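For reference, the structure discussed in these notes is given below.
Just so we're on the same page: letters track the sequence lines, and every chain starts at 1. Any value given below was found using the heavy atoms of this structure, including those in side chains, with hydrogens, waters and symmetry copies removed. From a predicted model like this one, the values you see are computed outputs, not experimental measurements.
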Number of protein chains: 2
Amino acid sequence: MTVADDMRAKGMRMTVQRRLVLDALRRARHHTTAEEISRSIRASYPQIDPSTVYRNLEALERLGYVTHTHLDDRVTRWRRADSRPHGHLVCRKCGSEEEIAMSVLEPLAKRLKGEHGFRADLAHSAVVGLCRECAG
Amino acid sequence: MTVADDMRAKGMRMTVQRRLVLDALRRARHHTTAEEISRSIRASYPQIDPSTVYRNLEALERLGYVTHTHLDDRVTRWRRADSRPHGHLVCRKCGSEEEIAMSVLEPLAKRLKGEHGFRADLAHSAVVGLCRECAG
DNA sequence: GAGGTTATCGCAACTGCCCGCAATAGTGGC
DNA sequence: GCCACTATTGCGGGCAGTTGCGATAACCTC
Ligand SMILES: [Mn+2]
Ligand SMILES: [Mn+2]
Ligand SMILES: [Zn+2]
Ligand SMILES: [Zn+2]
(Lines give C-alpha, C1' and ligand atoms only; values in the text may rest on other atoms or scores of the structure.)
(Ligands and ions follow the chains in the order given, each with its own letter.)
Protein backbone atom coordinates (compact mmCIF):
# COMPACT_ATOMS: atom_id res chain seq x y z
CA MET A 1 0.00 0.00 0.00
CA THR A 2 1.36 3.43 -0.95
CA VAL A 3 1.62 6.31 1.48
CA ALA A 4 -1.20 8.04 -0.43
CA ASP A 5 -3.50 5.02 -0.13
CA ASP A 6 -2.65 4.64 3.54
CA MET A 7 -3.56 8.27 4.13
CA ARG A 8 -6.83 8.09 2.22
CA ALA A 9 -7.77 4.92 4.09
CA LYS A 10 -7.47 7.01 7.27
CA GLY A 11 -9.62 9.86 5.93
CA MET A 12 -6.65 12.07 5.11
CA ARG A 13 -5.79 13.60 1.74
CA MET A 14 -2.62 13.37 -0.34
CA THR A 15 -1.89 16.99 -1.21
CA VAL A 16 0.93 18.35 -3.34
CA GLN A 17 2.35 19.96 -0.18
CA ARG A 18 2.41 16.60 1.61
CA ARG A 19 4.15 14.95 -1.32
CA LEU A 20 6.77 17.72 -1.41
CA VAL A 21 7.55 17.23 2.29
CA LEU A 22 8.00 13.48 1.78
CA ASP A 23 10.28 14.08 -1.23
CA ALA A 24 12.35 16.64 0.68
CA LEU A 25 12.77 14.18 3.56
CA ARG A 26 14.08 11.55 1.15
CA ARG A 27 16.60 14.00 -0.27
CA ALA A 28 17.64 15.44 3.11
CA ARG A 29 20.56 14.46 5.30
CA HIS A 30 20.21 12.19 8.34
CA HIS A 31 18.88 14.67 10.93
CA THR A 32 17.19 17.50 9.14
CA THR A 33 15.17 20.44 10.44
CA ALA A 34 11.75 21.75 9.45
CA GLU A 35 13.42 24.97 8.37
CA GLU A 36 15.73 23.09 5.98
CA ILE A 37 12.82 21.19 4.48
CA SER A 38 10.78 24.35 4.17
CA ARG A 39 13.63 26.19 2.51
CA SER A 40 14.31 23.39 -0.01
CA ILE A 41 10.62 23.27 -0.96
CA ARG A 42 10.21 27.04 -1.17
CA ALA A 43 13.18 27.25 -3.54
CA SER A 44 10.84 25.78 -6.19
CA TYR A 45 7.40 26.52 -4.65
CA PRO A 46 7.69 29.77 -2.70
CA GLN A 47 3.94 29.97 -2.13
CA ILE A 48 4.06 26.99 0.27
CA ASP A 49 3.91 28.27 3.83
CA PRO A 50 6.33 27.06 6.53
CA SER A 51 3.41 26.31 8.83
CA THR A 52 2.15 23.80 6.26
CA VAL A 53 5.53 22.04 6.42
CA TYR A 54 5.32 21.86 10.23
CA ARG A 55 1.75 20.54 10.12
CA ASN A 56 2.66 17.93 7.52
CA LEU A 57 5.68 16.68 9.44
CA GLU A 58 3.37 16.15 12.42
CA ALA A 59 0.74 14.43 10.26
CA LEU A 60 3.36 12.10 8.78
CA GLU A 61 4.64 11.40 12.29
CA ARG A 62 1.14 10.40 13.48
CA LEU A 63 0.99 7.91 10.59
CA GLY A 64 4.39 6.52 11.56
CA TYR A 65 6.36 7.62 8.47
CA VAL A 66 8.47 10.20 10.31
CA THR A 67 9.92 10.71 13.80
CA HIS A 68 11.72 13.52 15.53
CA THR A 69 14.39 13.84 18.19
CA HIS A 70 15.72 16.70 20.32
CA LEU A 71 19.38 17.48 20.73
CA ASP A 72 20.42 20.32 23.09
CA ASP A 73 19.11 23.33 21.17
CA ARG A 74 15.58 24.52 20.46
CA VAL A 75 15.49 22.93 17.01
CA THR A 76 13.56 19.70 16.35
CA ARG A 77 15.36 17.13 14.14
CA TRP A 78 13.27 15.03 11.76
CA ARG A 79 14.05 11.72 10.07
CA ARG A 80 12.21 8.99 8.19
CA ALA A 81 10.89 6.33 10.55
CA ASP A 82 12.55 3.57 8.50
CA SER A 83 16.06 4.84 9.34
CA ARG A 84 17.91 2.95 12.07
CA PRO A 85 16.94 4.11 15.59
CA HIS A 86 19.80 5.29 17.81
CA GLY A 87 20.52 7.45 20.82
CA HIS A 88 22.58 10.64 21.10
CA LEU A 89 25.14 11.97 23.54
CA VAL A 90 25.43 15.78 23.35
CA CYS A 91 28.09 17.74 25.23
CA ARG A 92 26.66 20.90 26.74
CA LYS A 93 30.07 22.55 26.78
CA CYS A 94 31.66 21.92 23.37
CA GLY A 95 28.44 20.90 21.58
CA SER A 96 29.85 17.63 20.21
CA GLU A 97 27.31 14.97 19.21
CA GLU A 98 27.87 11.22 19.35
CA GLU A 99 25.46 8.53 18.20
CA ILE A 100 25.10 5.45 20.40
CA ALA A 101 23.48 2.06 19.85
CA MET A 102 20.02 1.49 21.31
CA SER A 103 21.47 -1.58 23.06
CA VAL A 104 23.24 0.78 25.48
CA LEU A 105 19.90 2.31 26.47
CA GLU A 106 17.89 -0.92 26.54
CA PRO A 107 18.64 -1.98 30.16
CA LEU A 108 17.14 1.30 31.42
CA ALA A 109 14.11 0.89 29.15
CA LYS A 110 13.62 -2.62 30.50
CA ARG A 111 13.86 -1.43 34.09
CA LEU A 112 11.38 1.43 33.54
CA LYS A 113 8.98 -1.08 31.98
CA GLY A 114 9.36 -3.50 34.89
CA GLU A 115 9.29 -1.05 37.80
CA HIS A 116 6.93 1.61 36.44
CA GLY A 117 5.06 -0.05 33.55
CA PHE A 118 6.45 2.80 31.44
CA ARG A 119 7.32 2.15 27.79
CA ALA A 120 10.22 4.58 27.35
CA ASP A 121 11.33 6.06 24.04
CA LEU A 122 14.97 6.70 24.95
CA ALA A 123 15.87 7.87 21.43
CA HIS A 124 13.50 10.85 21.64
CA SER A 125 15.78 13.19 23.58
CA ALA A 126 19.55 13.24 23.49
CA VAL A 127 21.42 12.51 26.69
CA VAL A 128 23.00 15.81 27.72
CA GLY A 129 26.23 16.01 29.71
CA LEU A 130 29.97 16.48 29.38
CA CYS A 131 32.04 14.59 26.81
CA ARG A 132 35.35 12.92 27.65
CA GLU A 133 37.39 16.02 26.71
CA CYS A 134 35.21 18.54 28.55
CA ALA A 135 34.68 16.40 31.66
CA GLY A 136 38.46 16.32 32.11
CA MET B 1 29.17 33.47 51.92
CA THR B 2 25.96 35.02 50.65
CA VAL B 3 24.79 34.78 47.05
CA ALA B 4 25.54 38.51 46.66
CA ASP B 5 29.13 38.10 47.94
CA ASP B 6 29.64 35.05 45.74
CA MET B 7 28.47 37.03 42.71
CA ARG B 8 30.65 40.03 43.50
CA ALA B 9 33.64 37.74 44.02
CA LYS B 10 33.08 36.59 40.42
CA GLY B 11 32.85 40.14 39.04
CA MET B 12 29.05 40.09 38.81
CA ARG B 13 26.62 42.55 40.39
CA MET B 14 23.72 41.99 42.74
CA THR B 15 20.92 43.96 41.13
CA VAL B 16 17.37 44.40 42.39
CA GLN B 17 16.18 42.35 39.39
CA ARG B 18 18.49 39.48 40.34
CA ARG B 19 17.28 39.57 43.94
CA LEU B 20 13.64 39.52 42.78
CA VAL B 21 14.27 36.43 40.63
CA LEU B 22 15.88 34.63 43.58
CA ASP B 23 12.95 35.57 45.87
CA ALA B 24 10.39 34.46 43.29
CA LEU B 25 12.19 31.11 42.95
CA ARG B 26 12.01 30.61 46.71
CA ARG B 27 8.26 31.32 46.71
CA ALA B 28 7.51 29.27 43.59
CA ARG B 29 6.30 25.70 43.34
CA HIS B 30 8.72 22.84 42.62
CA HIS B 31 9.05 23.12 38.80
CA THR B 32 8.30 26.66 37.81
CA THR B 33 8.59 28.43 34.47
CA ALA B 34 10.28 31.68 33.52
CA GLU B 35 6.88 33.05 32.54
CA GLU B 36 5.48 32.33 36.04
CA ILE B 37 8.47 34.01 37.67
CA SER B 38 8.22 36.96 35.33
CA ARG B 39 4.50 37.34 35.96
CA SER B 40 4.89 37.19 39.76
CA ILE B 41 7.63 39.84 39.68
CA ARG B 42 5.79 42.10 37.23
CA ALA B 43 2.72 42.07 39.46
CA SER B 44 4.70 44.37 41.80
CA TYR B 45 7.39 45.69 39.42
CA PRO B 46 5.86 45.92 35.93
CA GLN B 47 8.87 47.78 34.54
CA ILE B 48 11.04 44.65 34.82
CA ASP B 49 11.37 43.07 31.41
CA PRO B 50 10.83 39.33 30.84
CA SER B 51 14.16 39.11 28.99
CA THR B 52 15.88 40.23 32.19
CA VAL B 53 14.26 37.31 34.01
CA TYR B 54 15.50 34.87 31.35
CA ARG B 55 19.01 36.31 31.51
CA ASN B 56 19.09 36.15 35.30
CA LEU B 57 17.89 32.56 35.43
CA GLU B 58 20.78 31.70 33.10
CA ALA B 59 23.25 33.72 35.19
CA LEU B 60 22.11 32.02 38.39
CA GLU B 61 22.41 28.66 36.65
CA ARG B 62 26.02 29.38 35.65
CA LEU B 63 26.77 30.10 39.32
CA GLY B 64 25.14 26.82 40.34
CA TYR B 65 22.17 28.25 42.26
CA VAL B 66 19.55 27.15 39.76
CA THR B 67 19.03 24.32 37.27
CA HIS B 68 16.48 23.57 34.60
CA THR B 69 14.86 20.49 33.12
CA HIS B 70 12.75 19.80 30.02
CA LEU B 71 9.52 17.85 30.09
CA ASP B 72 7.71 17.16 26.78
CA ASP B 73 6.64 20.68 25.82
CA ARG B 74 8.72 23.65 24.76
CA VAL B 75 8.67 25.22 28.23
CA THR B 76 11.82 25.14 30.38
CA ARG B 77 11.26 24.26 34.08
CA TRP B 78 13.45 25.93 36.67
CA ARG B 79 14.26 24.92 40.22
CA ARG B 80 16.73 25.82 42.92
CA ALA B 81 19.86 23.68 42.70
CA ASP B 82 19.57 22.73 46.39
CA SER B 83 16.34 20.80 45.78
CA ARG B 84 16.70 17.04 45.51
CA PRO B 85 17.68 15.87 41.97
CA HIS B 86 15.31 13.42 40.32
CA GLY B 87 14.26 12.12 36.92
CA HIS B 88 10.92 12.39 35.10
CA LEU B 89 8.74 10.02 33.13
CA VAL B 90 6.33 11.89 30.85
CA CYS B 91 3.55 10.18 28.89
CA ARG B 92 3.32 11.59 25.38
CA LYS B 93 -0.32 10.47 25.10
CA CYS B 94 -2.03 11.52 28.35
CA GLY B 95 0.64 13.98 29.50
CA SER B 96 1.03 12.44 32.97
CA GLU B 97 4.30 13.17 34.79
CA GLU B 98 5.99 10.86 37.29
CA GLU B 99 9.12 11.62 39.27
CA ILE B 100 11.68 8.84 39.66
CA ALA B 101 14.72 8.39 41.88
CA MET B 102 18.13 9.08 40.38
CA SER B 103 19.15 5.57 41.50
CA VAL B 104 17.02 4.18 38.65
CA LEU B 105 19.04 6.19 36.13
CA GLU B 106 22.46 5.65 37.70
CA PRO B 107 23.35 2.33 36.01
CA LEU B 108 23.00 3.98 32.58
CA ALA B 109 25.04 6.99 33.72
CA LYS B 110 27.76 4.61 34.94
CA ARG B 111 27.77 2.71 31.65
CA LEU B 112 28.00 5.92 29.56
CA LYS B 113 30.90 7.02 31.75
CA GLY B 114 32.67 3.69 31.36
CA GLU B 115 32.09 3.03 27.65
CA HIS B 116 32.11 6.61 26.29
CA GLY B 117 33.80 8.70 29.00
CA PHE B 118 30.60 10.76 28.95
CA ARG B 119 29.38 12.34 32.19
CA ALA B 120 25.60 12.21 31.61
CA ASP B 121 23.08 14.49 33.29
CA LEU B 122 20.09 12.17 33.12
CA ALA B 123 17.86 14.56 35.10
CA HIS B 124 18.11 17.23 32.41
CA SER B 125 15.49 15.86 30.02
CA ALA B 126 12.44 13.84 30.95
CA VAL B 127 12.16 10.30 29.63
CA VAL B 128 9.28 10.40 27.12
CA GLY B 129 7.10 7.39 26.40
CA LEU B 130 3.79 5.74 27.23
CA CYS B 131 2.60 5.31 30.82
CA ARG B 132 1.13 2.08 32.15
CA GLU B 133 -2.44 3.11 31.29
CA CYS B 134 -1.69 4.42 27.81
CA ALA B 135 0.70 1.60 26.86
CA GLY B 136 -2.14 -0.88 27.51
C1' DG C 1 -17.37 14.76 -15.36
C1' DA C 2 -20.05 17.68 -11.94
C1' DG C 3 -21.28 18.66 -7.11
C1' DG C 4 -21.07 18.58 -2.13
C1' DT C 5 -18.35 17.63 1.90
C1' DT C 6 -14.62 18.77 4.69
C1' DA C 7 -9.40 18.09 5.26
C1' DT C 8 -5.99 21.08 4.36
C1' DC C 9 -4.05 25.41 3.00
C1' DG C 10 -2.05 30.34 3.30
C1' DC C 11 -1.96 33.94 6.25
C1' DA C 12 -1.60 36.59 10.31
C1' DA C 13 -0.89 36.61 14.96
C1' DC C 14 0.93 34.45 18.94
C1' DT C 15 4.30 31.64 22.08
C1' DG C 16 8.68 30.84 24.80
C1' DC C 17 12.99 32.22 24.34
C1' DC C 18 17.29 34.74 22.61
C1' DC C 19 20.15 38.77 21.24
C1' DG C 20 22.18 43.54 19.90
C1' DC C 21 22.27 48.00 21.47
C1' DA C 22 22.25 52.38 23.88
C1' DA C 23 21.08 53.91 28.51
C1' DT C 24 21.43 52.84 33.37
C1' DA C 25 23.15 51.67 37.70
C1' DG C 26 26.18 48.52 40.83
C1' DT C 27 30.84 48.36 42.06
C1' DG C 28 35.72 49.14 43.87
C1' DG C 29 39.08 52.69 44.59
C1' DC C 30 39.92 57.08 46.31
C1' DG D 1 30.57 60.35 49.68
C1' DC D 2 32.08 60.82 44.75
C1' DC D 3 33.97 58.93 40.34
C1' DA D 4 35.08 56.05 36.63
C1' DC D 5 34.35 51.64 34.86
C1' DT D 6 31.56 48.29 32.94
C1' DA D 7 27.94 44.58 34.02
C1' DT D 8 23.35 44.68 33.43
C1' DT D 9 19.06 46.63 32.05
C1' DG D 10 14.77 47.78 29.03
C1' DC D 11 13.58 47.65 24.57
C1' DG D 12 12.91 46.27 19.88
C1' DG D 13 13.24 42.63 16.90
C1' DG D 14 14.38 37.74 15.56
C1' DC D 15 13.80 32.52 15.74
C1' DA D 16 11.43 27.98 15.93
C1' DG D 17 7.49 26.68 16.12
C1' DT D 18 1.88 26.76 17.01
C1' DT D 19 -2.84 28.13 16.32
C1' DG D 20 -7.44 30.21 14.61
C1' DC D 21 -9.76 31.37 10.60
C1' DG D 22 -11.81 31.93 6.14
C1' DA D 23 -10.57 30.26 1.41
C1' DT D 24 -9.16 26.33 -1.34
C1' DA D 25 -8.93 21.93 -3.23
C1' DA D 26 -8.83 16.68 -2.56
C1' DC D 27 -11.96 13.15 -2.24
C1' DC D 28 -16.27 10.31 -2.65
C1' DT D 29 -20.74 9.67 -4.82
C1' DC D 30 -23.45 9.80 -8.44
MN1 LIG E 1 18.33 22.52 28.50
MN1 LIG F 1 9.35 15.95 21.06
ZN1 LIG G 1 21.61 10.54 14.92
ZN1 LIG H 1 -0.29 8.37 29.89
Is any N or O donor-acceptor pair between the side chain of B:R55 and the base of D:dG10 shorter than 3.5 Å?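 Side chain to base: pair found, below 3.5 Å.
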
Rounded to the nearest angstrom, tell me the gap between atom [atom1] in [X] and atom [atom2] in [N].
{"X": "B:K10", "N": "D:dT8", "atom1": "NZ", "atom2": "P", "answer": "13 Å"}
{"X": "A:E61", "N": "D:dG17", "atom1": "CD", "atom2": "P", "answer": "12 Å"}
{"X": "B:R18", "N": "D:dA7", "atom1": "CZ", "atom2": "C1'", "answer": "8 Å"}
{"X": "A:E58", "N": "D:dG17", "atom1": "CD", "atom2": "C1'", "answer": "9 Å"}
{"X": "A:R62", "N": "C:dT8", "atom1": "CZ", "atom2": "C1'", "answer": "12 Å"}

Is the phosphate of C:dC17, meaning OP1 or OP2, less than 4.0 Å from a side-chain N or O of B:Y54?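 It does, given that an N or O in the side chain of B:Y54 lies less than 4.0 Å from OP1 or OP2 of C:dC17.
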
With a cut-off of less than 4.0 Å, is there a side-chain N or O of B:Q17 near OP1 or OP2 of D:dG10?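 Yes, because at least one side-chain N or O of B:Q17 sits under 4.0 Å from OP1 or OP2 of D:dG10.
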
Give a yes or no on whether a salt bridge exists between B:D6 and B:K10, defined as a side-chain N under 4.0 angstrom from a carboxylate O.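 Between B:K10 and B:D6 there is a salt bridge, with a charged N closer than 4.0 Å to a carboxylate O.
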
When rounded to the nearest 0.5 angstrom, what distance separates [atom1] in [X] from [atom2] in [Y]?
{"X": "B:L89", "Y": "A:L112", "atom1": "CG", "atom2": "CG", "answer": "5.5 Å"}
{"X": "A:L122", "Y": "A:E106", "atom1": "CG", "atom2": "CD", "answer": "9.0 Å"}
{"X": "B:S125", "Y": "A:H70", "atom1": "OG", "atom2": "NE2", "answer": "9.0 Å"}
{"X": "A:Y45", "Y": "A:S38", "atom1": "OH", "atom2": "OG", "answer": "14.5 Å"}

Please list residues of residues 22-48 of chain B whose heavy atoms come under 4.0 Å from any atom in DNA chain D, ordered by number; otherwise none.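 Of all residues in residues 22-48 of chain B, the ones placing a heavy atom under 4.0 Å from DNA chain D are B:Q47, B:I48.
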
Under 3.5 Å, which N/O atoms of the protein pair with N/O atoms of nucleotides 27-30 of chain C?
residue, atom, partner, partner atom, Å
C:dT27, OP1, B:R8, NH1, 2.7
C:dT27, OP1, B:M14, N, 2.6
C:dT27, OP2, B:R8, NH1, 3.1

Pull out every protein N or O sitting under 3.5 Å from an N or O of nucleotides 12-15 of chain D, one pair per line with the distance.
residue, atom, partner, partner atom, Å
D:dC15, O2, A:R74, NH2, 3.2

Please determine whether side-chain contact (heavy atoms from CB on, under 4.5 Å) holds for the pair B:L63 and B:M12, giving the CA-CA distance in whole Å, both sets of side-chain angles, and the decisive distance to 0.1 Å. CA-CA 10 Å; B:L63 290 189; B:M12 302 173 70; 3.9 Å; yes

Just do the side-chain contact (heavy atoms from CB on, under 4.5 Å) check on A:H86 and A:H30 with the steps written out, would you? CA-CA 12 Å; A:H86 55 272; A:H30 185 41; 2.9 Å; yes

Mind checking what makes side chain to side chain contact (heavy atoms under 4.5 Å, CB included) contact with B:S44, not counting sequence neighbours?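 Per chain and number, B:S44 pairs via side chain to side chain contact (heavy atoms under 4.5 Å, CB included) with no residue.
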
List for me each residue that meets side chain to side chain contact (heavy atoms under 4.5 Å, CB included) alongside B:A135, sequence neighbours excluded, and say none if there are none.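 Listed in chain order: A:K113, A:R119, B:L130.
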
Hydrogens and angles aside, do B:H31 and B:H88 bring a side-chain donor and acceptor to less than 3.5 Å of each other?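 A donor-acceptor contact under 3.5 Å links the two side chains.
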
Rounded to 10 degrees, the angle between the two terminal axes of the helix from C:dG1-D:dC30 to C:dC30-D:dG1, each from five pairs: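 The angle separating the two end axes equals 30°.
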
Could you tell me which non-hydrogen atom of A:L105 sits nearest to which non-hydrogen atom of A:G87, and how far apart they are?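 Taking A:L105 first and A:G87 second, the nearest heavy atoms are CD1-CA, 4.0 Å.
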
Between A:R26 and A:L22, is the side-chain contact (heavy atoms from CB on, under 4.5 Å) condition met? List the steps. CA-CA 6 Å; A:R26 272 189 271 271; A:L22 276 168; 3.8 Å; yes

side-chain contact (heavy atoms from CB on, under 4.5 Å) between A:R13 and A:M7, intermediate numbers included: CA-CA 6 Å; A:R13 293 168 188 180; A:M7 296 202 124; over 6 Å; no

